[in-house]
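Quick notes on the structure that follows.
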Amino acid sequence: MANTFSRAAWHSYYSRKRIVHQWLQVHLLAGLECERILEIGPGLGLVTSLLVNLGYEVETLDVLPRAFDYPDVRHLQKDVRELRSAEIAGYDAILCCESLEHIDWQHVGPVLATLHASGTKYLIVSVPYMGFQISFDLYLNRTTARHYFSMKKLLWRREFEREAAGGHQWEVGYRRYPLRIWEGRLEGAGWSIVTREFTEHCRSVFHVLRAN
């Protein structure tokens with residue numbers, strides 16, 4: 001199978017901020033006792049290649065065919081809303097980053113419960129985070145100056161405008177989706193929060209979860 005995207009599309013998608021975001025997915029595995037990993041929503045394959053390079057046994061899952069060629073990595077084409085726990089049994093950890101916001105909110109709890117029922121020990125999950133936040137970076141030398149500034153505020157007063165099917169159906173930080181409600185949904189599905197992390201440029205909240 002050949003890659004179904006162009007080099008230009010890869011470079012456009014994997015901006016500096018997105019690469020840091022994807023690096024964090026792998027970094028959060030450090031210190032966890034796991035060898036066999038299921039990656040849900042592998043995108044264009046950067047995280048998959050990092051995991052393989054680190055020596056993990058990796059398999060991927062998505063509602064669509066995989067967009068990149070990795071013949072030694074098995075791919076399961078399946079809608080997460082239709083998953084049965086037995087289909088994903090035997091993994092030490094599951095990565096599910098920037099995926100759950102693409103399904104209706106009412107389906108998220110059952111999906112999290114299915115992942116828990118699979119018997120995996122750890123789940124690393126991330127979703128967009130639009131709560132109040134400020135980020136500022138500045139770099140200077142004799143010939144170069146660049147900066148980045150971002151501020152999100154008062155979105156907790158606004159209703160999230162759902163995108164077309166396949167796009168974002170909700171995001172944490174908007175009205176009806178505060179962080180405490182999101183974390184309550186994680187815990188309600190049988191997970192304990194080990195670590196919470198935020199990324200500032202790609203504005204997301206990550207959780208490392210352990211099965212109760």
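Numbers for residues simply follow the sequence, beginning at 1. Any value given below was found using the heavy atoms of this structure, including those in side chains, with hydrogens, waters and symmetry copies removed.
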Show, in sequence, the C-alpha distance, side-chain angles and deciding distance for Ser126 and His21, and conclude whether the side-chain contact (heavy atoms from CB on, under 4.5 Å) test is met. CA-CA 10 Å; Ser126 76; His21 182 277; 4.0 Å; yes
Walk me through whether Arg36 and Glu59 qualify under side-chain contact (heavy atoms from CB on, under 4.5 Å). CA-CA 8 Å; Arg36 190 163 182 241; Glu59 297 182 0; 3.3 Å; yes
Start with the C-alpha gap between Tyr91 and Ser118, add the side-chain angles, then the distance that decides, and say whether side-chain contact (heavy atoms from CB on, under 4.5 Å) holds. CA-CA 8 Å; Tyr91 297 101; Ser118 72; over 6 Å; no
Apply side-chain contact (heavy atoms from CB on, under 4.5 Å) to the pair Leu61 and Leu83, showing each step before the final yes or no. CA-CA 10 Å; Leu61 182 149; Leu83 268 180; 3.8 Å; yes
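Judged by distance alone, the side chains of Asn141 and Tyr139 do bring a donor and an acceptor atom under 3.5 Å apart.
A salt bridge is absent between Asp104 and Arg81: the closest approach of a Lys/Arg side-chain nitrogen to an acidic carboxylate oxygen does not fall below 4.0 angstrom.
No cation-pi contact links Arg210 to Tyr122, judged by a cut-off of 6.0 Å to the six-membered ring centre and 45° from its axis. Annotation: cation-pi pair Arg162/Phe160 absent, no NZ/CZ under 6.0 Å from the ring centroid and within 45° of its normal.
Taking both residues in full, the closest heavy atoms of Val172 and Val127 are given as CG2-CG2, 3.7 Å, listed atom of the first, atom of the second, then distance. Of all the heavy atoms in Leu123 and Cys96, the pair that sits closest is CD1-CB, 4.1 Å. In this structure, Val80 and Val111 approach most closely via the heavy-atom pair O-CG2, 3.7 Å. Across Cys97 and Ile124, no two heavy atoms sit closer than the pair SG-O, 3.9 Å. Nearest approach of Leu51 to Val58, heavy atoms of both residues: CB-CG2, 3.5 Å. Of all the heavy atoms in Val26 and Leu54, the pair that sits closest is CG1-CD1, 3.3 Å.
Heavy atoms from other residues, nucleotides or ligands lying under 6.0 Å from CZ of Arg175 number 12 at most. Annotation: Gln106, atom CD; neighbour count of heavy atoms from other residues, nucleotides and ligands within 6.0 Å is above 12. Other residues, nucleotides and ligands place no more than 12 heavy atoms under 6.0 Å from the CZ atom of Arg84.
A continuous path of Ile, Leu, Val, Met, Phe, Trp and Tyr side chains, each step under 4.5 Å between heavy atoms, connects Trp170 with Val205, placing both in one hydrophobic cluster. If you chain together hydrophobic residues whose side chains sit under 4.5 Å apart, Leu28 and Ile19 fall into the same group.
The distance between the ring centers of Tyr177 and Trp105 falls below 6.0 angstrom. A ring-centre distance under 6.0 Å is found for His102 and His168.
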Donor-acceptor contacts, no H, no angles, side chain residues 147-159, under 3.5 Å, sequence neighbours left out:
{"residue": "Tyr148", "atom": "OH", "partner": "Arg203", "partner atom": "NH1", "Å": "3.4"}
{"residue": "Ser150", "atom": "OG", "partner": "Arg203", "partner atom": "NH1", "Å": "3.2"}
{"residue": "Glu159", "atom": "OE1", "partner": "Arg176", "partner atom": "NE", "Å": "3.3"}

Quick one: side chains of residues 188-200, donor-acceptor pairs under 3.5 Å with protein atoms, not counting sequence neighbours, listed by atom name and distance.
{"residue": "Trp191", "atom": "NE1", "partner": "Leu112", "partner atom": "O", "Å": "3.3"}
{"residue": "Ser192", "atom": "OG", "partner": "Asn212", "partner atom": "OD1", "Å": "2.1"}
{"residue": "Arg196", "atom": "NE", "partner": "Glu183", "partner atom": "OE2", "Å": "2.7"}
{"residue": "Arg196", "atom": "NH2", "partner": "Glu183", "partner atom": "OE1", "Å": "3.1"}
{"residue": "Arg196", "atom": "NH2", "partner": "Glu183", "partner atom": "OE2", "Å": "3.0"}
{"residue": "Thr199", "atom": "OG1", "partner": "Cys202", "partner atom": "O", "Å": "2.4"}
{"residue": "Thr199", "atom": "OG1", "partner": "Ser204", "partner atom": "N", "Å": "3.3"}

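Here the NE2 atom belonging to His201 is positioned 4.0 Å from the OG atom belonging to Ser135, to the nearest 0.5 angstrom. Atom CZ of Arg180 is separated from atom CZ of Arg185 by 13.0 Å, given to the nearest 0.5 angstrom. From Lys17, atom NZ reaches atom CG of Asp137 across 12.5 Å, with rounding to the nearest 0.5 Å. His107 contributes atom NE2, which lies 12.0 Å from atom OG1 of Thr114 (distance to the nearest 0.5 angstrom).
With hydrogens and angles ignored, the 3.5 Å screen pairs no side-chain donor or acceptor of Ser12 with any backbone N or O of Ala8. Under the 3.5 Å distance criterion, the side-chain polar atoms of Gln133 are matched with a main-chain donor or acceptor of Gly131. One N or O on the side chain of Asn3 and one on the backbone of Asp69 form a donor-acceptor pair closer than 3.5 Å. Between the side chain of Glu171 and the main chain of Glu101, no donor-acceptor pair closer than 3.5 Å is present.
In this structure, the side chains of His207 and Leu186 come closer than 4.5 Å at one or more pairs of heavy atoms. Contact check for Ile40 versus Leu95: no side-chain heavy atoms found under the 4.5 Å cut-off. Contact of the Ile103 side chain with the Gln169 side chain is not registered, since no non-hydrogen atoms from C-beta on lie closer than 4.5 Å. A 4.5 Å side-chain heavy-atom check between Phe68 and Pro42 finds at least one atom pair inside the cut-off. Taking the side chain as every heavy atom from C-beta outward, Val52 and Tyr70 approach each other to under 4.5 Å. Using a 4.5 Å heavy-atom cutoff, the side chains of Leu32 and Leu29 are in contact. Contact of the Ile94 side chain with the Ile37 side chain is not registered, since no non-hydrogen atoms from C-beta on lie closer than 4.5 Å. Using a 4.5 Å heavy-atom threshold, the side chains of Asp62 and Gln77 count as separate.
Applying the ring pair (Phe, Tyr, Trp, His ring centres under 6.0 Å) criterion to Tyr14, with sequence neighbours excluded, gives Trp10.
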